[in-house]
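What's counted below: heavy atoms across the whole structure, side chains too, no hydrogens, waters or symmetry copies. These numbers were taken from a predicted model, which means no experiment stands behind them.
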Amino acid sequence: MTAPGTTQTDRWNVFAIIAFVTVWFTIILGLVFGHLALSQIKTTGEKGRGLALAAVIIGWVAVALGALAAMFILIFGGLAISANT
């Protein structure tokens with residue numbers, strides 16, 4: 001589905017491909033490229049919306065899991081330290 005006034009092309013958005021690959025290695029770059037790709041795809045009508053959307057979803061889920069893990073480490077680490085003193 002394309003936005004009104006845009007035409008569907010057979011070209012793939014390069015940022016969408018880069019986003020999907022980089023989100024597995026560097027989450028922040030994957031998120032940035034994913035959001036850039038979604039913005040470009042909306043205006044140009046290129047292919048790759050699914051790849052860009054997957055990169056953005058994977059990136060934000062990874063950020064949320066990382067924040068949750070850091071929270072648990074801080075809470076339980078503090079509890080363990082305070083129990084030993």
- Item | In one Ile/Leu/Val/Met/Phe/Trp/Tyr side-chain cluster, 4.5 Å: Ile28, Ile58 | no
- In chain order, what residues pass the side chain to side chain contact (heavy atoms under 4.5 Å, CB included) check against Val61, with sequence neighbours excluded? Ile57, Leu65
- Hphob cluster co-occupancy, Val21 + Phe33, side-chain heavy atoms under 4.5 angstrom: no
- Item | For Glu46 against Arg11, the heavy-atom pair lying closest together | CB-O, 3.5 Å
- Message: When you compare the side chain of Asn13 with that of Lys47, does any pair of heavy atoms fall below 4.5 Å?
- Response: no
- Query: With sequence neighbours left out, which residue pairs that include part of residues 17-30 fulfil the side-chain hydrogen bond (donor to acceptor under 3.5 Å, both in side chains) condition?
  - Reply: none
- Query: So, for Ala52 and Gly34, which heavy atoms are closest and what is the spacing to 0.1 Å?
  - Reply: CB-O, 3.9 Å
- Message: If I compare all heavy atoms of Gly30 with all of Ala19, which pair ends up nearest, and what's the gap?
- Response: O-CB, 3.6 Å
- Residues in side chain to side chain donor-acceptor pair (under 3.5 Å) contact with Trp12, at least two apart in sequence or another chain: none
- What are the two closest non-hydrogen atoms of Ala16 and Gly48, and how far apart are they? CB-O, 3.3 Å
- Give the cluster check for Val56 versus Leu36: same hydrophobic cluster or not, with ILVMFWY residues linked at side-chain heavy-atom distances below 4.5 Å. no
- Query: For the hydrophobic clusters of this structure (ILVMFWY residues joined by side-chain heavy atoms under 4.5 Å, transitively), does one cluster hold both Phe25 and Val23?
  - Reply: yes
- In chain order, what residues pass the side chain to side chain contact (heavy atoms under 4.5 Å, CB included) check against Val63, with sequence neighbours excluded? Ile27, Leu31, Trp60
- Message: Suppose we screen for ring-ring contact (aromatic ring centres under 6.0 Å, His included). Which residues come up paired with Phe72, at least two apart in sequence or across chains?
- Response: Phe76
- Sequence-distant partners of Ile75, side chain to side chain contact (heavy atoms under 4.5 Å, CB included), two or more places apart: Met71, Leu79
- Going from CZ on Phe15 to CD1 on Ile41, what distance comes out if it is rounded to the nearest 0.5 angstrom? 11.0 Å
